[in-house]
Protein chains: 4
Amino acid sequence: MTESRRGRPRSTVVHAAILDATRALLIEKGYADVSMDRVASHAGVGKQTLYRRWPSKAQLVAEAVMDAHHSGGSFALLDTGDVAADLRDWLLRYADAVAPPQNAALVRALAAAAAEDLRDGEALYRQLTGPQHDAVMQRLRQGIAAGQVRADTDVEAVADALIGTILYRVLARPTTTGETTRHADGLIDALIAGVRA
Amino acid sequence: MTESRRGRPRSTVVHAAILDATRALLIEKGYADVSMDRVASHAGVGKQTLYRRWPSKAQLVAEAVMDAHHSGGSFALLDTGDVAADLRDWLLRYADAVAPPQNAALVRALAAAAAEDLRDGEALYRQLTGPQHDAVMQRLRQGIAAGQVRADTDVEAVADALIGTILYRVLARPTTTGETTRHADGLIDALIAGVRA
Amino acid sequence: MTESRRGRPRSTVVHAAILDATRALLIEKGYADVSMDRVASHAGVGKQTLYRRWPSKAQLVAEAVMDAHHSGGSFALLDTGDVAADLRDWLLRYADAVAPPQNAALVRALAAAAAEDLRDGEALYRQLTGPQHDAVMQRLRQGIAAGQVRADTDVEAVADALIGTILYRVLARPTTTGETTRHADGLIDALIAGVRA
Amino acid sequence: MTESRRGRPRSTVVHAAILDATRALLIEKGYADVSMDRVASHAGVGKQTLYRRWPSKAQLVAEAVMDAHHSGGSFALLDTGDVAADLRDWLLRYADAVAPPQNAALVRALAAAAAEDLRDGEALYRQLTGPQHDAVMQRLRQGIAAGQVRADTDVEAVADALIGTILYRVLARPTTTGETTRHADGLIDALIAGVRA
DNA sequence: GTGTAACCGAGACGGTACGTCGTGTCTTATT
DNA sequence: AATAAGACACGACGTACCGTCTCGGTTACAC
């Protein structure tokens with residue numbers, strides 16, 4: 001049942017304009033140099049319109065980044081029957097998505113937003129990486145069921161390693177995100193076959 | 001050649017007091033709620049004394065965290081001849097070091113400082129993780145030379161995975177840093193022997 | 001023609017509260033010990049609200065003092081037909097107005113504000129004393145027209161003497177402003193009849 | 001008895017250099033924009049050397065201005081037997097001394113120093129104007145004794161008027177100090193003969 | 001000559017105020 | 001009721017200044 005809305009409804013156009021302005025500024029200036037005033041004036045919007053929708057700058061930035069992340073494409077981890085190929089395929093797409101400097105900047109902005117609030121930070125990371133993390137674990141468990149993956153595998157540790165690698169490279173080596181794709185192959189090789197001679 | 005030392009020299013006592021105060025406040029309040037004013041008053045110091053040494057809050061926090069990290073103990077990656085045992089030993093010590101909430105809080109603070117400044121962020125991570133990263137790569141190369149590790153191993157990818165895992169868990173799951181130690185074993189198993197059945 | 005009035009208008013209540021707080025602090029502490037922070041907190045106001053209205057402490061103090069001076073009463077120099085009586089009456093009222101320690105403190109504060117800025121200082125004094133100075137000159141010219149005052153009188157010199165005396169006593173002998181009133185009579189006697197035997 | 005002075009004696013050269021630097025800066029920048037650091041570096045001197053001699057900036061400025069005032073010439077109020085001529089002569093010399101913009105700037109600086117401290121301010125004005133004030137009163141009393149001046153003259157009021165006029169013009173009309181000399185004549189005329197027709 | 005005490009330039013120190021900027025709330029007129 | 005504009009309380013930023021303290025080094029008197 002739709003709850004009766006009185007008065008002027010919120011403009012979805014305005015909503016999108018704010019998120020766009022936020023992303024543009026984040027990419028151009030970085031989290032610290034983006035102020036709510038700047039976002040408002042850049043979006044041609046009053047400041048109250050921002051706070052009517054998001055309770056804080058961190059939340060606005062979070063939604064702006066997540067919004068791009070979700071609309072930016074699907075990172076579905078398919079099950080073609082070959083675990084190694086499926087994980088390799090997914091990791092390469094994931095690395096490619098983060099490779100463009102703008103997207104890397106957005107991830108860094110989200111890290112900054114997460115750092116703002118100790119409590120919300122955890123939730124933010126979970127929102128960003130949770131679905132992928134779960135997908136990797138599920139695929140590995142399917143691999144175990146299919147007899148392709150050793151039953152004693154610590155699936156959480158492997159999922160952490162795949163996502164942690166991406167995150168670490170984005171945060172610590174933002175200028176070499178291009179290489180991340182190359183090393184994705186090496187990482188999958190090591191995890192599937194082991195590094196032991 | 002004499003680097004003319006004129007005027008009153010900077011006090012090392014004051015220097016240490018500032019770093020101590022910074023760490024105490026970071027642990028208690030988190031990066032966002034630590035202000036230069038608070039650090040100064042907590043350290044019984046004038047604000048100018050802070051800015052005489054560090055150009056910004058991010059730099060001060062970086063040094064405070066690094067200082068604790070360095071003095072906090074050595075994470076030497078020994079070479080006992082057994083690559084798997086050496087890496088496992090080192091990763092467990094590394095995970096244990098980050099496990100205490102206070103140390104986790106300091107790492108999170110460093111991430112926040114890095115996120116603040118697009119330019120310095122990269123350097124900060126490199127300072128923090130660089131030595132460990134290099135040590136892992138070197139040990140793997142020695143393993144290759146000793147015939148214990150496959151020659152085609154992407155040593156950088158493996159190093160990224162080990163350090164990225166730790167970082168990811170600290171940032172995204174700060175309340176479960178204790179479990180990180182447990183999964184360290186699983187990660188080493190997977191990387192050494194592979195997950196393939 | 002419409003001076004686009006958009007956004008929240010500036011509060012006159014706040015304006016008055018700031019001027020009141022400024023005067024209270026000036027009287028209690030003196031110009032040097034009044035800070036913008038203190039004025040703001042005493043007025044229950046943010047510092048930016050001060051700087052939105054006045055560009056500097058000197059300007060704020062100037063307006064606060066002037067405001068009291070203007071609203072404090074009229075020092076009209078009447079024309080009853082008797083120049084000596086009119087000037088004597090006006091000078092006594094003027095001296096009395098400055099006599100209370102609080103008012104003397106405000107005048108001293110204005111002198112301090114004027115000294116702060118070489119450029120604005122002149123304008124400040126002119127605002128404070130200009131109207132009175134003009135009134136004295138005008139009354140003397142009317143006296144000349146009425147045949148009561150010698151035609152070759154240097155009316156500006158006489159106006160300077162009357163106002164300069166008050167100012168000098170307030171600045172140089174703040175503890176004896178009470179006596180100023182007594183000497184006002186003597187000054188008028190000397191100027192009207194001359195001191196020559 | 002001279003108290004035995006041990007150790008290196010204070011340099012009179014340094015003393016003079018500091019006062020010179022202080023005056024130069026006061027004339028160039030005004031009281032508020034002269035800092036102790038600037039005076040020290042301008043005089044090629046350590047800051048402690050300033051504070052070894054003067055307890056505060058206000059005191060240093062006061063001495064610098066007074067020093068120029070005293071060495072600048074004598075304003076002796078002679079007694080030639082003609083009160084009117086003597087006062088006129090003295091007032092003209094006094095006005096001339098203050099006329100140059102640099103000297104006016106120094107007087108304004110002293111006013112600023114006096115405004116800094118409510119207690120010392122009074123003493124400063126007394127030091128600056130006291131001797132002249134006393135001299136005027138004494139000369140008038142001699143005039144009374146000689147029968148040239150009316151016995152009921154309020155000599156203090158007259159002295160206040162003469163000195164107050166000079167001060168008022170310097171503070172309120174610094175750009176027209178040249179005219180001050182012209183009006184000195186008119187003021188003496190009015191005070192001696194009265195303005196009554 | 002050789003202490004030694006006070007001086008000197010330099011600059012770090014604790015503290016306070018400055019004037020600016022950012023966050024999140026509130027208040028206008030307008031739509 | 002939502003909007004653009006912008007004032008508001010609060011508080012952090014980074015700089016400048018005051019007056020003190022602490023270095024290495026110098027100068028003149030006393031022994």
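Lettering of chains follows the sequences in order, A, B, ..., and the numbering in each one begins at 1.
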Taken to the nearest 0.5 Å, the spacing of A:D67 CG from A:L106 CG works out to 10.5 Å

[X] [atom1] - [N] [atom2] separation (whole Å):
{"X": "A:Q48", "N": "F:dA5", "atom1": "CD", "atom2": "P", "value": "14 Å"}
{"X": "C:I18", "N": "F:dA7", "atom1": "CD1", "atom2": "P", "value": "13 Å"}
{"X": "B:Q59", "N": "F:dG14", "atom1": "CD", "atom2": "P", "value": "11 Å"}
{"X": "A:K29", "N": "E:dC21", "atom1": "NZ", "atom2": "C1'", "value": "14 Å"}
{"X": "A:R53", "N": "E:dG24", "atom1": "CZ", "atom2": "P", "value": "17 Å"}
{"X": "C:M36", "N": "E:dT16", "atom1": "CE", "atom2": "P", "value": "19 Å"}
{"X": "D:K47", "N": "E:dG9", "atom1": "NZ", "atom2": "C1'", "value": "13 Å"}
{"X": "C:R8", "N": "E:dT27", "atom1": "CZ", "atom2": "P", "value": "6 Å"}

Quick check for you: among [options], whose closest atom lies nearest to any side-chain atom of [X]?
{"X": "C:D37", "options": "E:dA17, F:dC8, E:dG22", "answer": "E:dA17"}
{"X": "C:K57", "options": "F:dG6, F:dC13, E:dC18", "answer": "E:dC18"}
{"X": "A:T49", "options": "F:dA4, E:dG9, F:dA12", "answer": "F:dA4"}
{"X": "B:R6", "options": "E:dC21, E:dA12, E:dA10", "answer": "E:dA10"}

For [N], does either OP1 or OP2 sit under 4.0 Å from a side-chain N or O belonging to [X]?
{"X": "B:R10", "N": "E:dG11", "value": "no"}
{"X": "A:Y51", "N": "E:dG24", "value": "yes"}
{"X": "D:R38", "N": "F:dC17", "value": "yes"}

Between [X] and [Y], what is the shortest heavy-atom contact and its length?
{"X": "D:A43", "Y": "D:A17", "value": "CB-O, 3.9 Å"}
{"X": "A:V34", "Y": "A:K57", "value": "O-NZ, 2.8 Å"}
{"X": "A:M36", "Y": "A:Y51", "value": "CG-OH, 3.3 Å"}

Given the options B:H15, B:Q127, B:R53, B:E63 meets side-chain hydrogen bond (donor to acceptor under 3.5 Å, both in side chains) only with B:H15

Applying a 4.0 Å non-hydrogen cut-off, can you work out what A:V39 is touching in the nucleic acid: base, sugar-phosphate, or nothing? nothing

(message) By the 4.0 Å heavy-atom rule, please label A:V45 as base, sugar-phosphate, or nothing.
(response) sugar-phosphate

Per nearest nucleotide of DNA chain E, the residue lying toward the 5' end, C:P9 or A:V34, is A:V34

Comparing nearest nucleotides in DNA chain E, the 5'-proximal residue of the pair B:H15, A:S56 is B:H15

